[in-house]
2 protein chains.
Amino acid sequence: MGLGESDISRLDEIIGRRRKIPKDGLLYRIDDTFTNLYAIRLGHFKTFQLTPNGEQQITGFQMAGELLGMDAISTDRHHCDAVALEDSEVCEIPFNRLEELFGTIPTLLHHFHRMMSQEITREQNVMLLLGNMRAEQRFAAFLVNLSARYAARGYSSTNFQLRMSREEIGNYLGLTIESISRLLSRFKKQNLLRVSNREIEVLEPVNLKAIAAGTETCS
Amino acid sequence: MGLGESDISRLDEIIGRRRKIPKDGLLYRIDDTFTNLYAIRLGHFKTFQLTPNGEQQITGFQMAGELLGMDAISTDRHHCDAVALEDSEVCEIPFNRLEELFGTIPTLLHHFHRMMSQEITREQNVMLLLGNMRAEQRFAAFLVNLSARYAARGYSSTNFQLRMSREEIGNYLGLTIESISRLLSRFKKQNLLRVSNREIEVLEPVNLKAIAAGTETCS
DNA sequence: CGCCGACTTGACATTAATCAAATGTAGTGG
DNA sequence: CCACTACATTTGATTAATGTCAAGTCGGCG
């Protein structure tokens, strides 16, 4: 990210202990006081809010390399729960020490702003998905998004494992578990995907993207 | 916001010209290069993204006192269009000069982080609304949110004018204009609201909040 | 082997969208 | 001031998409 050696080592200094979070373990919960951001080293997480009547709404799935906790800066309290989808590992980044560094490493600050801004645009894309797309398009967009993120991390864009349950996917996409299941079956029948439990193979990435874009339908 | 006099005057120095935007005027459009944040001095705006097939999805309504453009920091290009809902006025804030100030005014930096973080949580709440709520609840939540924001700015929480059309409300809430119209009629019939064109009077704020919370229904 | 939880599939119900018309409102020019 | 137009909103009838309910089936694990 364009930092010099000495900057890196100063950043390293403030990065706190690594912390292992077992599958289903809580990284933080809503209303916890905010002291750390978390960089995911390994594994996957989900973040969710609680609806007024106690159900959960998943607001994102995060993977290794992504940053957790930025929503908490505004009030010094976390605004959602973060739970590990599998055995995972994070680095704690004490936010007040990070802010001190910002004064002396402008590049670091700039990069941090980009990450927050990126989170804003990510969420805007989800709003678009939830507000505008039909079930089939939502689910295709979800798969395309996962695929692109794995590709960006050097993994296969066509073969990957879903770390979340059908229910969690449905929750995230504003659909029921039954709808997700039917969509998977439909995509499978049309030979867009090969599916085995949580193992996904994308057979027709182009068509899948077309469905996500709304250009095409998978009757 | 806890800044000293001299800090304020330094901030004032970098704040660029005021800019008037007429109703329906464009403040910025998607893919414009990013140079300024905009503080709304007067009026209201909407921001929206374009769906892959060219329709718009409104991602937010902003009012005087709020900040526009933070989504553009990540890529130096705007990720949405911003359009004035009425004759409005903004202050341009050159972002690179703002970043220079951050180095010398930590309080300002901290405040800026809070604003970005607040935008993240705002969007998470919209995701909850779109992903979890039924039409009636969405619309009640929308009204309660507007009401609270006007109250926070010293205006009446029960009497205000909608600056956006029914269609824009529907677009934002993932509903059709017909649904919004029917919901307004229903709320009117139940004496929750008095409505005259875009003029709203909230007659039963408590019940409206209960509907937004999902505790109650308005059959 | 048998249980349990996750997932799939089918039948039916409900919500909100779509289509179609009627009504209202603001603005314009006579 | 009024007629007229364009556009926004309301209302009604019908349809389509997705949710709900109810059985199943599959796969992993003790």
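The side chain of B:R198 contributes no N or O atom lying less than 4.0 Å from OP1 or OP2 of D:dA8.
Sorted by residue number, the members of residues 127-138 of chain A with any non-hydrogen atom under 4.0 Å from DNA chain D read A:R134, A:A135. For the segment residues 170-192 of chain A, residues with any heavy atom less than 4.0 angstrom from an atom of DNA chain C are, sorted by number, A:E178, A:S181, A:R182, A:S185.
Rounded to a whole Å, the CZ atom of A:F139 is 17 Å from the C1' atom of D:dA17. Taking atom CG of residue B:D24 and atom P of nucleotide D:dC7, one finds them 13 Å apart after rounding to whole Å. In this structure, the NZ atom of B:K23 is 12 Å from the C1' atom of D:dC7, given to the nearest Å. Taking atom CD of B:E168 as the reference point, atom C1' of D:dC7 lies 14 Å away to the nearest angstrom. Between the CD atom of B:E167 and the P atom of C:dT25 there is a distance of 19 Å, rounded to whole Å. Summarising the geometry, the separation between CD1 on B:I169 and C1' on D:dT9 is reported as 12 Å, rounded to the nearest angstrom. Between the CD atom of A:E199 and the C1' atom of D:dC26 there is a distance of 17 Å, rounded to whole Å. Atoms CZ (A:R166) and P (D:dC26) sit 15 Å apart, rounded to a whole Å.
We find that A:E178 and A:R166 are not joined by a salt bridge, their nearest charged nitrogen and carboxylate oxygen being 4.0 Å or further apart. A salt bridge links B:E168 to B:K46: one of the charged nitrogens lies within less than 4.0 Å of a carboxylate oxygen. Salt bridge status for B:R17 with B:E92: present, with a side-chain N to carboxylate O gap under 4.0 Å. Checked for salt-bridge contact, A:R41 and A:E89 miss the test: no charged N lies under 4.0 Å from a carboxylate O. Using a cut-off of 4.0 Å between Lys/Arg side-chain N and Asp/Glu carboxylate O, B:D71 and A:R122 are scored as not salt-bridged.
In this structure, A:Y150 OH and A:I200 CD1 are separated by 10.5 Å, a value rounded to the nearest 0.5 Å.
Using the six-membered ring where Trp is involved, B:F34 and B:H78 have ring planes that are perpendicular, over 60° apart on the 30 and 60° scheme.
Identified under the side chain to side chain donor-acceptor pair (under 3.5 Å) test for residues 56-68 of chain A, with sequence neighbours left out: A:T47-A:T59, A:T47-A:Q62, A:Q57-B:N132, A:E66-A:R149, A:E66-A:R153.
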Task: Working for side-chain hydrogen bond (donor to acceptor under 3.5 Å, both in side chains), residues B:H113 and B:S117 - done: CA-CA 6 Å; B:H113 289 160; B:S117 175; over 6 Å; no

